[in-house]
Amino acid sequence: MLTDLIYGDDFFENILIVESEEYISILSEMYPDAEIFFVTTEEDFFDERVKTCVLDYREEILPFDLEFFDLIIGDLTLEVVVNPQDIAAGFSRYIKQTGIFLTSFKNIRHWKILEKLMGGWFNGIVSRFYTRTNFERLLMASFYKDVKFAPVIKSAPPKLLAKLIECGFENYGDDLEVEIWQVRASRSIPELSLLKSMYTAEFRAEFARIIHRVEYDIEIADSVKNFWRLYDEVGMFEDYAAEFVNEIVIHKENFYKNLRKNSTRIESENIIEFCQSEIGTK
């Protein structure tokens, strides 16, 4: 189930379920205080636990405010679509900066599909099949910043698996035995998502503006002073400030130099050290 990709610290106020009716009961129980919406093409569908919208998400614009949902969830939502990137990017517009998209796709490298192709027949022409790599690229090109996968395994007969490998099919990560990949796509990387959940968009925009002024030598002393003013106003932690710097600063060494030269605070060295250690691990 896609709900296996929901983490313990996830918090959802607004949820959209796309065509996957089986998640209504599960999510209603998991998040009894959440407002849950359901998109379906079934005109006679009714469930008092959800607000139902009858439309074809593949063809029609969703009638919701932008960045409204904490979670959009639906199995195989990009499988029977003309342009999957349009749909994936469209969904991202309705997800909050701190929100996620949960979906799944059939793995075209699964042994059962390859076995059919080797036999000269295949009945999945109307559906789109993906590899893990091209699905990740699709989502990254559709404004998602962090993508994680969980496999649903259907083991291959040992002789067939050996034959496929002998024929040149790489089996990295046991990919030939993954029938379905479940996917969690986030609008922000985890570190920045935490920042966005703690600070308003207006604050983040102002803090980013000041950081860029320090980076590009614009009234450096005043800019550094304003950096610390904003830092203190919200009670920011050093590691959060470092994550912010890592995400938006291009000329990091120049930023470090200006911050050091114009600061008397010990936090400046801690932030720089944290930034540099993070860069080293990426």
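These numbers were taken from a predicted model, which means no experiment stands behind them.
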Exercise. Is the CZ atom of R213 crowded by more than 12 outside heavy atoms at less than 6.0 Å?
Worked result: yes
Exercise. Do we see a donor-acceptor contact under 3.5 Å between the side chains of N258 and K261?
Worked result: no
Exercise. Does a side-chain heavy-atom distance below 4.5 Å link K106 with L76?
Worked result: yes
For this session: Check whether any side-chain heavy atom of S263 sits under 4.5 Å from a side-chain heavy atom of F227, and report yes or no.
Result: no
For this session: Look only at the side chain of D146 and the backbone of S186, and say whether a donor-acceptor pair between them is shorter than 3.5 Å.
Result: no
Problem set entry | H212 side, atom NE2; F207 side, atom CZ - distance, nearest 0.5 Å | 11.5 Å
Problem set entry | Heavy-atom side-chain proximity of T103 to F135 below 4.5 angstrom | yes
Problem set entry | Gap separating the NZ atom of K257 from the CG atom of N262, nearest 0.5 angstrom | 10.0 Å
Exercise. Any donor-acceptor pair under 3.5 Å linking the side chain of S20 with the backbone of V18?
Worked result: yes
For this session: Would you tell me whether N226 and R229 have side-chain atoms, one donor and one acceptor, within less than 3.5 Å of each other?
Result: yes
Exercise. Near R265 CZ, under 6.0 Å, is it more than 12 heavy atoms from other residues, nucleotides or ligands?
Worked result: yes
For this session: Can you tell me which residue pairs pass the salt bridge (Lys or Arg N to Asp or Glu O under 4.0 Å) test with a partner in residues 19-39, sequence neighbours excluded?
Result: E35-K51
Exercise. If you measure from CZ on R109 to CG on N107, what distance do you get to the nearest 0.5 Å?
Worked result: 7.0 Å
For this session: Could you tell me whether E166 and K163 make a salt bridge, using a distance below 4.0 angstrom between a side-chain N and a carboxylate O?
Result: no
For this session: Taking atom types as modelled, find out whether D75 and S104 have a side-chain donor-acceptor pair closer than 3.5 angstrom.
Result: yes
Problem set entry | Sub-4.5 Å side-chain heavy-atom contact between L164 and M118 | yes
For this session: Nearest 0.5 Å please: distance from the CZ atom of F91 over to the OH atom of Y57.
Result: 6.0 Å
Problem set entry | Lys/Arg N to Asp/Glu carboxylate O, E179 vs K112, below 4.0 Å | no
Exercise. Do the two ring centres, one from F37 and one from F68, sit under 6.0 Å apart?
Worked result: yes
Seminar exercise, completed: d(L66 CG, R93 CZ) to nearest 0.5 Å is 5.0 Å
Exercise. In the hydrophobic clustering (ILVMFWY, side-chain contacts below 4.5 Å, transitive), which residues join L102, or is it alone?
Worked result: M1, L2, L5, I6, F12, I15, I17, Y23, I24, I26, L27, M30, Y31, I36, F38, F45, V50, L71, I73, I100
Exercise. Quick one: CG on L230 to CD1 on I211, what's the gap to the nearest 0.5 Å?
Worked result: 9.0 Å
Exercise. Angle class for the W228/Y231 ring planes (parallel below 30°, perpendicular above 60°, tilted otherwise)?
Worked result: perpendicular
Exercise. Got a donor-acceptor contact below 3.5 angstrom from the Y94 side chain to the L16 backbone?
Worked result: no
For this session: Share the residues that join I180 in a hydrophobic cluster, the rule being Ile, Leu, Val, Met, Phe, Trp or Tyr side chains under 4.5 Å apart at the heavy-atom level.
Result: V152
Problem set entry | Note: E13-K96 ion pair, threshold 4.0 Å (strictly below) | yes
Problem set entry | Ring-face cation contact, Y7 with R184, 6.0 Å cut, 45° max | yes
